[in-house]
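The block underneath contains the structure these notes are about, expressed in structure tokens.
All values below were derived from every heavy atom in this structure, side-chain atoms included, with hydrogens, water molecules and symmetry-related copies excluded. Since we're looking at a predicted model, the values are computed, not measured. A note on names: the letters A, B, ... follow the listed sequences, proteins ahead of strands, and every chain is numbered from 1.
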There are 2 protein chains.
Amino acid sequence: MKAARDYSPKIDPLRDHCPVRAAIDVLSGRWKPSILWELKAEARRYSDLQGALPGISAQALTLQLRQLESDGIVLRTVYAEIPARVEYSLTDHGRSLSQVMDELERWGARHLEREGKQACICR
Amino acid sequence: MKAARDYSPKIDPLRDHCPVRAAIDVLSGRWKPSILWELKAEARRYSDLQGALPGISAQALTLQLRQLESDGIVLRTVYAEIPARVEYSLTDHGRSLSQVMDELERWGARHLEREGKQACICR
DNA sequence: CGGAATCCTATTTGATACTG
DNA sequence: CAGTATCAAATAGGATTCCG
């Protein structure tokens with residue numbers, strides 16, 4: 001596995017000081033809200049996540065998980081079994097995102113409604 | 001000026017139904033949080049914004065404003081004067097973002113702190 | 001003043017195939 | 001099972017120049 005810093009965001013002076021952008025950057029990613037949703041209740045295995053996210057490729061899933069890991073949001077636990085088992089769970093820091101996610105969901109639902117689109121739960 | 005739909009996000013079935021992603025997509029953009037910050041208190045002219053956002057190019061500013069406009073967040077008002085004057089302000093929908101921004105700012109500040117980075121107000 | 005047009009680069013995302 | 005490697009495509013963002 002590559003080093004965690006290989007998945008850190010690139011340098012950007014604005015992001016390094018703006019809390020709002022810092023938060024958005026953590027959540028920005030094709031599958032990140034869905035992954036966080038899946039991990040909200042309990043730890044999940046790699047293959048669980050792949051099954052729960054129709055259309056995601058192995059590479060995409062790995063990348064998003066590594067980025068979330070590098071941001072301290074998810075914890076990767078490898079069990080020394082054969083075949084290997086790897087579980088992903090939320091860290092305390094990751095769980096602290098739930099309020100933010102709730103606000104985003106509320107506002108986003110209103111936004112979709114304005115556009116005449118049907119809002120449903122992230123899956 | 002081009003049509004508003006030219007600045008709409010591309011098709012993505014997941015975004016079209018996930019409120020969280022919808023909200024994030026509206027706020028995702030190199031300068032959007034800063035622009036919203038600038039417009040929070042009062043309407044600003046194009047050149048005001050350019051001056052308030054060091055490093056932004058004319059094209060980038062135009063693009064971000066058009067996207068925010070197409071999302072119903074900002075209102076563009078052209079005054080028939082010579083030379084032309086254009087003001088940008090928040091719509092009601094845009095003002096309704098403030099709670100979300102506050103949550104993002106709170107969480108983002110904690111996140112930056114964890115990383116040993118100094119948080120400051122978006123500018 | 002407030003942009004638009006063009007060109008270019010960087011980053012993100014996806015598809016496919018392969019492996020300890 | 002849980003990835004990695006490689007390639008290709010799409011998207012975002014910036015630089016420069018020009019215009020009504």
By nearest-heavy-atom nucleotide on DNA chain D, the more 5' of B:L63 and A:P83 is A:P83
query: Can you find a pair of side-chain heavy atoms, one from B:R30 and one from B:I56, that are under 4.5 Å apart?
result: no
message: When you group the ILVMFWY residues by side-chain heavy-atom contacts below 4.5 Å and let the links chain together, are B:L75 and B:W37 in the same group?
response: no
Atom CD of A:Q67 and atom C1' of C:dT11 are separated, to the nearest Å, by 11 Å
Just to be sure I understand the rule, does B:Y88 reach a base, reach only the sugar-phosphate, or reach nothing, if contact means heavy atoms closer than 4.0 Å?
sugar-phosphate
Ion pair B:R106/B:E103, N-O distance below 4.0 Å: yes
Tightest non-hydrogen contact, residues B:R21 and A:P33, listed as CG-CG, 3.6 Å
From CZ of B:R44 across to P of C:dC1 the rounded distance in Å is 15 Å
Just wondering, do B:L27 and B:K32 contact through their side chains at under 4.5 Å, heavy atoms? no
What's touching nucleotides 5-7 of chain D from the protein side, N or O pairs under 3.5 Å?
{"unit_1": "D:dT6", "atom_1": "O4", "unit_2": "A:Q59", "atom_2": "OE1", "d": "3.4"}
{"unit_1": "D:dT6", "atom_1": "O4", "unit_2": "A:Q59", "atom_2": "NE2", "d": "3.0"}

**Message:** Over all strands shown, is A:A84 touching base, sugar-phosphate only, or nothing at heavy-atom distances under 4.0 angstrom?
**Reply:** sugar-phosphate
OP1 or OP2 of C:dG2 under 4.0 Å from side-chain N/O of B:R76: no
Side-chain contact check for A:R85: nearest option of C:dA4, C:dG2, D:dA2 is D:dA2
Notebook entry, point to check: Hey, does A:W107 have a side-chain heavy atom less than 4.5 Å from the side chain of B:H93?
Noted result: yes
| request: Pick base, sugar-phosphate or nothing for B:S57, based on heavy-atom distances below 4.0 Å to the nucleic acid. | output: nothing
Here the distance between atom P of D:dT4 and atom CG of A:L61, to the nearest Å, is 11 Å
A:D48 atom CG is separated from D:dA2 atom C1', nearest whole Å, by 12 Å
- Query: Does B:W31 have a side-chain nitrogen or oxygen under 4.0 Å from the phosphate oxygens OP1 or OP2 of D:dG14?
  - Reply: yes
Within the pair A:S47 and D:dA2, is there a side-chain N or O less than 4.0 Å away from OP1 or OP2? yes
To the nearest angstrom, the CG-C1' distance between A:L53 and C:dT13 comes to 15 Å
Rounded to whole Å, the CG-P distance (B:L65 to D:dA12) equals 16 Å
Rounded to whole Å, CD1 of B:I82 lies from C1' of D:dC19 at a distance of 16 Å
When B:Y46 and A:S28 are each assigned the nearest nucleotide of DNA chain C, the 5'-most assignment goes to B:Y46
- [ ] Look at the aromatic rings of B:Y46 and B:Y88 and report parallel, tilted or perpendicular, splitting at 30° and 60°.
- [x] tilted
task: Respond yes when some side-chain nitrogen or oxygen of B:R30 is under 4.0 Å from OP1 or OP2 of D:dG14, and no when none is.
output: yes
Next on the checklist: Under 4.0 Å, counting only non-hydrogen atoms across every strand here, what does A:Q64 touch: a base, just sugar-phosphate, or nothing?
Outcome noted: sugar-phosphate
inquiry  = Has B:R95 got a side-chain atom pairing as donor or acceptor with B:L90's backbone, closer than 3.5 angstrom?
reply    = yes
Margin query: Between A:Y79 and A:E87, does the side-chain contact (heavy atoms from CB on, under 4.5 Å) criterion hold? Intermediate values first, please.
Written below: CA-CA 8 Å; A:Y79 294 91; A:E87 276 193 357; 3.6 Å; yes
The nucleotide from C:dG2, C:dG14, D:dG3 with an atom nearest the side chain of A:A60 is C:dG14
As a check of understanding: the bend across the helix from C:dC1-D:dG20 to C:dG20-D:dC1, end axes from five pairs, rounded to 10 degrees, works out to 50°
Handout entry: Min side-chain heavy-atom separation B:L65-B:L49 under 4.5 Å
Key = yes
A:Y79 OH to D:dA2 C1', in whole Å, measures 15 Å
